[in-house]
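Sharing a structure below in structure tokens format, with a few things to ask.
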Number of protein chains: 2
Amino acid sequence: MAKKTRMTKQRKAILKVLKNTKSHPTADWIYEKVRKEIPNISLGTVYRNLNVLAENGKIKVLDYGSNHSRYDGVPDHHYHFRCEKCGGVFDLDVDLSSDLNKKINNETEFTVHSHRLEFSGICPDCQQKN
Amino acid sequence: MAKKTRMTKQRKAILKVLKNTKSHPTADWIYEKVRKEIPNISLGTVYRNLNVLAENGKIKVLDYGSNHSRYDGVPDHHYHFRCEKCGGVFDLDVDLSSDLNKKINNETEFTVHSHRLEFSGICPDCQQKN
DNA sequence: GTAATTGCAAACGGTTTGCGATCTC
DNA sequence: GAGATCGCAAACCGTTTGCAATTAC
């Protein structure tokens with residue numbers, strides 16, 4: 001289960017910065033911001049705390065997949081499916097582009113140019129090999 | 001415009017590997033595969049060629065955003081909008097989860113657990129500052 | 001008191017880049 | 001030939017980690 005965690009002033013400051021920002025900052029941005037309050041905090045501490053907070057469900061990390069890039073031989077537009085078991089990435093033969101873009105353009109103030117949609121779950125092969 | 005490019009045997013081999021793979025491999029995986037054909041090819045060459053091929057639209061790179069992670073103070077489920085101008089990431093107040101998951105579950109062999117959807121375009125602030 | 005946490009700096013891992021040699025056009 | 005590309009190795013950069021000192025509980 002989850003290890004016991006303490007609320008240090010560093011952790012509190014990081015959480016505060018994050019809660020008061022509606023955009024989604026990078027670790028470095030958070031570091032600079034927190035430094036105004038705790039000048040000698042280290043970047044390592046920021047990273048460690050972000051990870052702890054994420055483990056505890058207090059915040060969320062927004063990186064898609066790992067830090068490896070993946071390359072696609074088919075440059076046309078299509079959605080991807082990432083298998084949670086084997087880690088493979090597959091193409092989906094479904095297209096909702098115009099629907100989705102239109103919806104956001106109509107319902108929000110943002111001007112949408114494109115979107116990326118990625119599903120995750122279990123691929124057919126891995127469902128078999130149970 | 002685009003610089004002139006040449007079709008070296010390295011580039012051809014990389015492209016071939018990529019075209020013959022329906023999953024979307026990492027650079028390292030491609031490297032290992034190509035090495036069987038050109039044993040002394042270097043990983044740097046693989047990266048360089050992947051970038052050239054991507055610039056020419058022959059392949060596509062599947063990393064979402066940059067290599068920086070971004071952190072979200074609101075751990076609930078929601079979609080994001082990435083502004084192409086200021087680089088900011090914002091929340092969207094729209095939810096289609098069950099619709100989308102159901103659609104893929106019905107129309108494909110994959111078992112979907114979740115998905116991630118990210119729009120990009122221009123945010124309201126940047127539309128003003130034209 | 002004691003285990004979690006910190007600051008620091010070194011290590012890590014994927015990717016990029018500078019170089020002189022090589023190959024494509 | 002000229003310039004794009006190669007192989008090699010070092011550099012880069014975001015992130016993680018080992019360690020001794022500190023701090024929350």
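The sequence lines fix the lettering, A, B, ..., with proteins before strands; numbering per chain opens at 1. Note that the coordinates shown come from a computational prediction; the quantities given were computed from them, not determined experimentally. The figures that follow rest on heavy atoms only: side chains count, while hydrogens, waters and symmetry mates do not.
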- Query: Does a sphere of radius 6.0 Å around CD in Glu109(A) hold more than 12 heavy atoms from other residues, nucleotides or ligands, not counting ones at 6.0 Å or beyond?
  - Reply: no
- Task: Report yes or no: do His115(B) and Asn101(B) form a side-chain donor-acceptor pair below 3.5 Å?
- Result: yes
- Would one find a side-chain N or O of Gln10(A) under 4.0 angstrom from OP1 or OP2 of dG7(C)? yes
- Message: Tell me whether the rings of His24(B) and His80(A) are parallel (<30°), tilted (30 to 60°) or perpendicular (>60°).
- Response: perpendicular
Atom pairs, protein N/O to nucleotides 23-25 of chain D N/O, distance under 3.5 Å:
from    : atom 1 : to      : atom 2 : distance (Å)
dA24(D) : N3     : Arg6(A) : NH1    : 3.1
dC25(D) : OP1    : Met7(A) : N      : 3.3

- State yes or no: are the ring centers of Phe119(A) and Phe81(A) separated by less than 6.0 Å? no
- Check whether any side-chain nitrogen or oxygen of Asn51(B) sits under 4.0 Å from OP1 or OP2 of dT16(C), and answer yes or no. yes
- Tell me: CD1 of Ile14(A) to P of dT5(C), nearest whole Å? 12 Å
- Message: I need the CZ-C1' distance between Arg35(B) and dC8(D), as an integer number of Å.
- Response: 13 Å
Could you write out each protein N or O paired with an N or O of nucleotides 18-20 of chain C at a distance under 3.5 Å?
from    : atom 1 : to       : atom 2 : distance (Å)
dG18(C) : O6     : Arg48(B) : NH1    : 3.1

- Query: Rounded to the nearest Å, what distance is computed from the CZ atom of residue Arg11(B) to the C1' atom of nucleotide dA4(D)?
  - Reply: 8 Å
- Task: For Ser97(B) and Asp95(B), test the side chains for any donor-to-acceptor distance below 3.5 angstrom and give the result as yes or no.
- Result: yes
- Query: Between Lys9(A) and Glu37(A), is there a side-chain N and carboxylate O pair less than 4.0 Å apart?
  - Reply: no
- Message: How many whole angstroms separate atom CD1 of Ile38(B) from atom P of dC8(D)?
- Response: 12 Å
- Distance in angstrom units between Leu53(A) CG and dA4(C) P, rounded: 17 Å
- Atom CG of Asn40(B) and atom P of dC6(D): how far apart are they, to the nearest Å? 12 Å
- Query: Hey, does the side chain of Thr108(B) reach the backbone of Phe110(B) with a donor-acceptor pair shorter than 3.5 angstrom?
  - Reply: yes
- Item | Check against side chain to side chain contact (heavy atoms under 4.5 Å, CB included), Tyr31(B) and Ile41(B) | CA-CA 8 Å; Tyr31(B) 173 55; Ile41(B) 193 173; 4.1 Å; yes
- Query: With a non-hydrogen cut-off below 4.0 angstrom, is Asp28(A) in contact with a base, only sugar-phosphate, or nothing?
  - Reply: nothing
- Contact class for Asn49(A) (heavy atom, under 4.0 Å): base, sugar-phosphate, or nothing? sugar-phosphate
- In whole angstrom, what separates Glu55(B)'s CD from dT5(D)'s C1'? 14 Å
- Task: Please work out if Ile41(B) contacts a base, only the sugar-phosphate, or nothing of the nucleic acid, heavy-atom cut-off 4.0 Å.
- Result: sugar-phosphate
- Whole angstrom is fine here: how far is it from CG in Leu43(B) over to P in dA10(D)? 15 Å
- Message: Counting neighbours of CG on Asn106(B) that are heavy atoms of other residues, nucleotides or ligands and sit closer than 6.0 Å, is the number greater than 12?
- Response: yes
